[in-house]
Amino acid sequence: MNTWLTDARDTVAAAAGVPASELELSDEDAATLLDLARIAAHDSGERTNAPLLCYLVGRAQGGASLDDLADAVRRSS
């Protein structure tokens, strides 16, 4: 992660009361999320749907893996 994103992660972790390590973002996860953002923006025609979809995927991760959620989004497109 770059410095800005690392600082944002640390701030979010502190605000949520969780260790920053729980919010670690691998290069593979970042690539998956960026691909989902691309799908949301292009398929919907609304760039604002990109962060909203990523938020929904993040909220749903307690019940499924990022890969499974990404596959579901790709199938629905």
Side-chain angles (χ1 to χ4, degrees):
M1 287 194 290
N2 66 37
T3 303
W4 182 90
L5 193 54
T6 299
D7 290 345
R9 180 210 53 202
D10 293 347
T11 299
V12 169
V18 299
S21 61
E22 287 185 22
L23 302 180
E24 192 66 36
L25 189 60
S26 70
D27 289 343
E28 182 178 309
D29 288 349
T32 298
L33 289 168
L34 290 171
D35 185 50
L36 292 178
R38 179 194 59 78
I39 290 168
H42 288 113
D43 287 1
S44 72
E46 296 288 336
R47 289 178 21 189
T48 55
N49 285 333
L52 297 174
L53 175 62
C54 289
Y55 172 79
L56 293 175
V57 167
R59 293 289 310 251
Q61 260 195 290
S65 71
L66 177 57
D67 288 336
D68 289 342
L69 296 168
D71 288 343
V73 169
R74 290 179 185 117
R75 284 192 307 271
S76 72
S77 296

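What you see below is based on every heavy atom in this structure, not just the backbone, and it leaves out hydrogens, waters and symmetry mates.
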Checklist entry - To the nearest 0.5 Å, what is the distance between CD1 (I39) and CG (N49)? => result 13.0 Å
Checklist outcome for this item: Output for pair (T6 OG1, L25 CG), nearest 0.5 Å, gives 9.5 Å
Item to check | Minimum heavy-atom distance L53-L36, with the two atoms named | outcome: CD2-O, 3.5 Å
Result block: side-chain N/O donor-acceptor pairs under 3.5 angstrom for residues 64-74, not counting sequence neighbours:
residue: S65; atom: OG; partner: D68; partner atom: N; Å: 3.0
residue: S65; atom: OG; partner: D68; partner atom: OD2; Å: 3.3
residue: R74; atom: NE; partner: D35; partner atom: OD2; Å: 3.0
residue: R74; atom: NH2; partner: D35; partner atom: OD2; Å: 3.0

Item to check | Interatomic spacing from CZ in R47 to CG in L52 - rounded to 0.5 Å | outcome: 13.0 Å
Checklist outcome for this item: Scanning both residues in full, the closest heavy-atom pair of A41 with A50 reads CB-CB, 4.4 Å
Checklist entry - With hydrophobic residues grouped by side-chain heavy-atom distances under 4.5 Å, do L5 and V57 end up in a single group? => result yes
